[in-house]
Protein chains: 2
Amino acid sequence: MQVTRAGEYAIIGLLYLAKQPADRTIMIDEISEAEGVPKSFLAKIFQSLAKGGFVCSHRGAGGGFGLAKPTGEITVLQVLQCVEGAFALQRCVTDDPECVVSTTRMSNCTLCAVFTEAQNRVNEVFARTTIADLLHPKPQVAQPIKSAASLN
Amino acid sequence: MQVTRAGEYAIIGLLYLAKQPADRTIMIDEISEAEGVPKSFLAKIFQSLAKGGFVCSHRGAGGGFGLAKPTGEITVLQVLQCVEGAFALQRCVTDDPECVVSTTRMSNCTLCAVFTEAQNRVNEVFARTTIADLLHPKPQVAQPIKSAASLN
DNA sequence: ATAAACAAGACAATCTTACTCCTATTTGAT
DNA sequence: ATCAAATAGGAGTAAGATTGTCTTGTTTAT
């Protein structure tokens, strides 16, 4: 898996929408300028978000985007999967029949199992975090960041 | 972060060494053929593993590689960091001063915090899993794989 | 001395990322 | 009806990462 710019911009865009009055219709141009995100790219990303049902779009003059759901019902995992496709830490984790580890080595691969477990941990974090959580940070989300380096 | 072929091959290579008699010196050619991994690429990867102190290399005729540590003292995290460099789920997680999220938005970024938390979960899994664990799978490692899809 | 084996670095093909651009299509206002 | 504003969709592209290969050393056992 990798959280690319697309996923990052998607969440930033949704957060921007969430901070506006609910009835406002907001143009890509405004979000792009306000958040310093490339306009054309953001437009592409918002196409995905619209298809995914996270935002509703209004074309034509006076058009733009608005949130399609309450912020508490949009999880980070859903957004990332929407704009980046199914994202996996490693090939084993997906159903990819080309996975070298699983196909050429062992059908019951312990290495694949470890990758899958790690992937599940990531998914758990992203699945329990909503846009609302990012707007109104709670201590337990922001606080307990053990340094990755300390795990060496 | 992404677990690339390099990381995958490194672990596969170490597992192969671990399965051999401890006193044997094993050539890249043998590992490559046995495990179906490209030879030149594996040689490059083993250079890193040697520098990282995971294997010891012996040059010249009759040379090859052997494990430099007990399998229980080599964690997946260490190996991945050795061959892939510091691997991060997202730019925020590293100290990259170019991170768009943290620099242009908020110094105390909740989104970065979520990425970092997810990264820490991954690191925990990889840090507690050793080569020995992969050789002798215990139920709690192989078993509790909740489907990633079910977390949607 | 020679052949076997790793060490190191340059090089290359392919893929992914991170975009842009152009042409619709929709819509509100005149 | 027409025009301008806005998204929709698809094609295209430059840079960088991945996944290797190749060549030229250097070490070492015989």
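Order of the sequence lines fixes the chain letters, A, B, ..., with proteins taken first and strands second; residue numbering starts at 1 for each chain.
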[X]: which residues meet the side chain to side chain contact (heavy atoms under 4.5 Å, CB included) condition with it, sequence neighbours left out?
X: B/Lys51; value: none
X: A/Arg24; value: A/Gln20, A/Pro21, A/Ile26, A/Glu30
X: A/Ala61; value: none

B/Arg121 and B/Glu117 ion-paired at < 4.0 Å:
yes

Start at the 5' end of DNA chain C and walk down; is the nucleotide closest to A/His58 or to A/Ala6 reached first?
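Looking at DNA chain C, the more 5' nearest nucleotide goes with A/Ala6.
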
First of B/Gly64 and A/Gly62 reached from the 5' end of DNA chain C, by closest nucleotide:
B/Gly64

Distance, nearest 0.5 Å, that separates OG1 of B/Thr110 from CG of A/Leu135
7.5 Å

Polar side-chain atom of B/Gln119 near backbone of B/Leu89 as donor-acceptor pair, under 3.5 Å
yes

Minimum heavy-atom separation for B/Tyr9 to B/Leu42, with atom names?
O-CD1, 4.0 Å

Is it true that [Y] and [X] share a donor-acceptor pair across their side chains at a distance under 3.5 Å?
X: B/Glu124; Y: B/Asn120; value: no
X: B/Asp29; Y: B/Ser32; value: no
X: A/Glu73; Y: A/Thr130; value: no

Where does the chain B footprint on DNA chain C start and end, counting 5' to 3' with a 4.0 Å heavy-atom cut-off?
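Answer, 5' to 3': C/dA4 to C/dA18.
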
Boundaries of the DNA chain D segment in contact with chain A, non-hydrogen, under 4.0 Å:
D/dA5 to D/dT19

Stretch residues 40-56 of chain B: residues that reach within less than 4.0 Å of DNA chain C through a heavy atom:
B/Lys44, B/Gln47, B/Lys51

